[in-house]
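Numbering of residues begins at 1 and proceeds along the displayed sequence. Below, each value reflects all heavy atoms present in this structure, side chains not excepted, and no hydrogens, waters or symmetry copies. Order of listing sets the numbers, starting from 1, for every ligand and every atom in it.
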Amino acid sequence: MTITKYECDDCMKDFLKQLPKCEHHVHLEGTLEPNLLFKLAKRNHITLPSNFPKTEEECRERYNNFADLQDFLDHYYIGMSVLIKEQDFYDLAMSYFKKAHDDGCLHSEVFFDPQGHLERSIELKTVVSGFHKACIDANKKFGTTNKLIMCLLRHLPSSDGLKVIQDSKKYYQNNIIHGLGLDSSEKPFPPRLFENCYNLIHKEFPNVGLTAHAGEEGNYKYVEDSLNLLKVTRIDHGVNSKQSKKLMERLAKDQTLLTICPLSNVKLQVVKDVSELPISLFFNKNIPFSINSDDPAYFGGYILENYIAVHESFGFGVKEWKQISLNGINGSWCSEDRKKELRNKVDEVCEKFGKLISI
Ligand code: ADE
Ligand code: ZN
């Protein structure tokens, strides 16, 4: 089968870069580039397993050959074992915020996996302080806004998740962590297993944003169960929502944001090519989605590369891109004032490029 590709010329690339973007689906641990990984391993005297890639080149080779989500996760959890001190978490997040800023991403809501560190005897305070300080400094240095979303690992029991939630209450209280998410191996661990964790957060902190990975490898029922049982207002990935007309109608009616990760879906064999993703379908059905990088150090591209990949597959014009950008702003968890600011910037950029781009 031949795949039609649209050209993303320099003007279009410039437009996509300048278009104010919000990122809602990026795992800070997934931004650990091989050069920083090896630098931290050295700095912290960590010996990586003998079958772990030994050079940046070997990493690239490994990253081009993930069989599926689990194969990636097995590697990802080893990679993050080089993160030990507060400074390491700070350096990691700062390098992401710089790249996001360079790509024209003005607001980021970033995931982190505390249990991946706690099980290695790293204290929660070390992780949260490093990430939180980077959020503050990125705001000062780049003017970007950022929010932390704590994810629970679904391959661990919900009792473990409850404990992390108890220990992180002070961070929710003090507006240091803003959301709760659910990630890791999807299919064997359905949403219902974590109903108690989501109930606990929702009861104590009704303003905390709730989201969950669903419909990445799991079918559309994982999306429905996340909405019904976990009461999430956002779905991470959600591409398998395309399997149910009724679900798609619900997502459109409630304007539930799907945080789609095109390059990730290709690298983890969810689809063979970005053009197979239901991006036009969702757009035409008025289902809001944002475009995100997921684990950019592993999947070959940050947010702008994901926008370009979508452009090359779907050939959207300024009008469609404007709508995608506005949908991302609407679905963000930042203040109304910040949303207004971002919408004004979208108007400015689209007005300018509307005169230069004919589609
Ligand atoms: N953790 C990091 N990336 C993930 C993904 N794409 N799906 C589930 N868990 C993850
Ligand atoms: Zn993810």
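Between H311 and F15, the gap from one ring centroid to the other reaches at least 6.0 Å. Here the two rings, on F89 and H117, have centers that are under 6.0 Å apart. Aromatic ring centres of F283 and F316: separated by under 6.0 Å. Under the 6.0 Å cut-off for aromatic ring centres, F299 and F72 qualify, their centroids lying closer than that.
Under 3.5 Å, the side chains of Q243 and N219 contain no donor-acceptor pair of N or O atoms. In the model, Y302 has no side-chain atom that pairs as donor or acceptor with a side-chain atom of D102 under 3.5 Å.
Legend: residues meeting side-chain hydrogen bond (donor to acceptor under 3.5 Å, both in side chains) with S275, ordered by chain and number and at least two apart, are D273.
Judged as a ring-ring contact (aromatic ring centres under 6.0 Å, His included), the pairs with a partner in residues 217-251 (not counting sequence neighbours) are, in order, H25-H237, H213-H237.
Around the Zn ion (ligand 2), the protein N, O or S atoms closer than 2.8 Å are H25 NE2, H27 NE2, H213 NE2, D294 OD1, listed by chain and residue number.
Near ligand 1, residues H27, L69, F72, L73, Y76, D183, S184, H213, E216, H237, D294, D295 each place a heavy atom inside the 4.0 Å sphere around the ligand atoms.
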List the steps, then state whether side-chain hydrogen bond (donor to acceptor under 3.5 Å, both in side chains) holds for Y77 with E119. CA-CA 11 Å; Y77 294 122; E119 64 185 4; over 6 Å; no
